[in-house]
Amino acid sequence: MEGTQKIIDEIISSAKQTAAAMEKEAREELDADKARLADELEKAKAAALEKYKLEADAVYSGRVKLGELEAGKVLLDARQKCVAAVYDGVREKILGAPDKEYLALLGKLIAECCENGDEVIAAKSDSKRVTAAWLKKIADGAKVKLTLSKTYGDFSGGVILRNARYDRDLTVDEIVESLKERTVGETVKNLGI
């Protein structure tokens, strides 16, 4: 029994290290993307402001206000595109991770959120990654019974845990959306927008 616990502890430790490494790498890439996108935004902002300044000088005061509103819309659109690009990059980083890292992250999430008897619905794109044998290891580690659904979900990656009461959405899109909700303010601040 002690040997089993040691193996479980090593698996959990390894999963935590892998998740930490993936998070660090994602943050470093996010920082690089933020810097690049901030530069692009600054150039777009300067060009838009210059364009609207020239137009504003040539028209009546009412037209000046209209130009400012239009510039605000252009800047807002550029800001939204920059923020979306950051989180799209995070999504692609997760989906493009090597199998070992991807499955470690997914396994950690499943182990933390699963309940005994859950059915695991994997993404079509993960049909070769998420296998019954892999899921059995996760279930054994979490000391629960999990079954891999014979049907696949129409989402980009991750899984949905289904039981009679409710579904838990652990799809990559949901994970990134949750991350965005928690960090969008910090991201906007770091981008300087």
Side-chain angles (χ1 to χ4, degrees), residues 1-37 83-163 166-184 186-187 190:
M1 188 68 162
E2 185 175 314
T4 302
Q5 185 60 44
K6 184 175 181 181
I7 291 170
I8 291 170
D9 291 346
E10 287 174 1
I11 291 170
I12 291 170
S13 175
S14 176
K16 286 179 181 178
Q17 289 173 350
T18 300
M22 287 177 68
E23 180 180 344
K24 180 181 179 205
E25 188 176 316
R27 283 207 176 267
E28 289 170 356
E29 189 170 307
L30 178 64
D31 291 344
D33 286 343
K34 285 178 189 176
R36 180 181 53 78
L37 292 171
V83 170
V86 168
Y87 291 100
D88 287 344
V90 170
R91 178 180 295 103
E92 293 308 313
K93 182 74 174 169
I94 293 171
L95 291 171
D99 286 353
K100 183 177 179 181
E101 292 176 16
Y102 179 80
L103 290 174
L105 174 64
L106 201 55
K108 181 178 186 259
L109 291 171
I110 291 171
E112 288 175 358
C113 299
C114 71
E115 292 182 11
N116 194 37
D118 279 351
E119 176 184 26
V120 178
I121 302 167
K124 287 178 191 174
S125 60
D126 287 343
S127 63
K128 291 192 169 110
R129 286 180 168 187
V130 177
T131 64
W134 173 81
L135 186 61
K136 182 169 179 5
K137 290 178 187 175
I138 302 303
D140 290 347
K143 297 183 179 165
V144 294
K145 182 178 187 256
L146 301 174
T147 56
L148 184 59
S149 176
K150 292 178 181 173
T151 59
Y152 293 100
D154 192 20
F155 40 90
S156 63
V159 298
I160 293 176
L161 300 178
R162 176 170 284 160
N163 62 39
Y166 53 85
D167 293 351
R168 279 167 304 258
D169 190 342
L170 301 178
T171 61
V172 172
D173 291 336
E174 181 60 28
I175 293 165
V176 172
E177 189 59 34
S178 175
L179 174 67
K180 182 178 179 181
E181 287 175 12
R182 293 189 321 266
T183 63
V184 73
E186 179 184 339
T187 300
N190 290 335

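Throughout, residue positions are numbered sequentially from 1 according to the sequence presented.
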Taking all atoms of both residues into account, what is the closest heavy-atom pair of [X] and [Y], and its distance?
X      : Y      : answer
Val159 : Ala122 : CG1-CA, 4.0 Å
Gly157 : Leu95  : CA-CD2, 3.8 Å
Thr183 : Tyr87  : OG1-OH, 2.6 Å
Ser156 : Ser125 : O-OG, 2.8 Å
Gly158 : Asp126 : N-OD2, 3.1 Å

Query raised in the report: Name the one of Leu109, Asp167, Ile110 that satisfies side chain to side chain contact (heavy atoms under 4.5 Å, CB included) with Leu161?
Result: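 Exactly one pass, corresponding to Ile110.
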Requested in this report: Start with the C-alpha distance between Val83 and Lys180, add both sets of side-chain angles, then the distance that settles side chain to side chain contact (heavy atoms under 4.5 Å, CB included), and finish with yes or no.
Outcome: CA-CA 9 Å; Val83 170; Lys180 182 178 179 181; 4.2 Å; yes
Roughly how far apart are [X] [atom1] and [Y] [atom2], rounded to 0.5 Å?
X      : Y      : atom1 : atom2 : answer
Lys136 : Thr147 : NZ    : OG1   : 13.0 Å
Leu148 : Trp134 : CG    : CH2   : 9.0 Å
Glu119 : Lys145 : CD    : NZ    : 10.5 Å
Leu103 : Lys137 : CG    : NZ    : 10.0 Å
Ser149 : Asp118 : OG    : CG    : 12.0 Å
Ile121 : Arg162 : CD1   : CZ    : 3.5 Å

Requested in this report: Determine yes or no for a side-chain-to-main-chain donor-acceptor pair under 3.5 angstrom, with Asp99 supplying the side chain and Arg129 the backbone.
Outcome: no
Query - Ser178 side-chain N/O to Ile175 backbone N/O, donor-acceptor pair under 3.5 Å - result: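 Not a single qualifying donor-acceptor pair exists.
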Query raised in the report: Less than 4.5 Å apart, any side-chain heavy atom of Asp169 and any of Phe155?
Result: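 Heavy-atom side-chain distance check fails, nothing below 4.5 Å.
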Query raised in the report: Tell me, do Tyr102 and Val172 make a side-chain contact under 4.5 Å, heavy atoms counted?
Result: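 With C-beta onward as the side chain, the pair touches.
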Requested in this report: Scan side-chain atoms only and decide if Thr171 and Asp173 contain a donor-acceptor pair under the 3.5 Å cut-off.
Outcome: no
Report task. Evaluate the side chain to side chain contact (heavy atoms under 4.5 Å, CB included) criterion for residues Val120 and Ile138: first the C-alpha distance (whole Å), next the side-chain angles of each, then the deciding distance (0.1 Å), finally the verdict. Result -> CA-CA 11 Å; Val120 178; Ile138 302 303; over 6 Å; no
Query raised in the report: Does a side-chain N-to-carboxylate-O contact under 4.0 Å join Asp88 and Arg91?
Result: yes
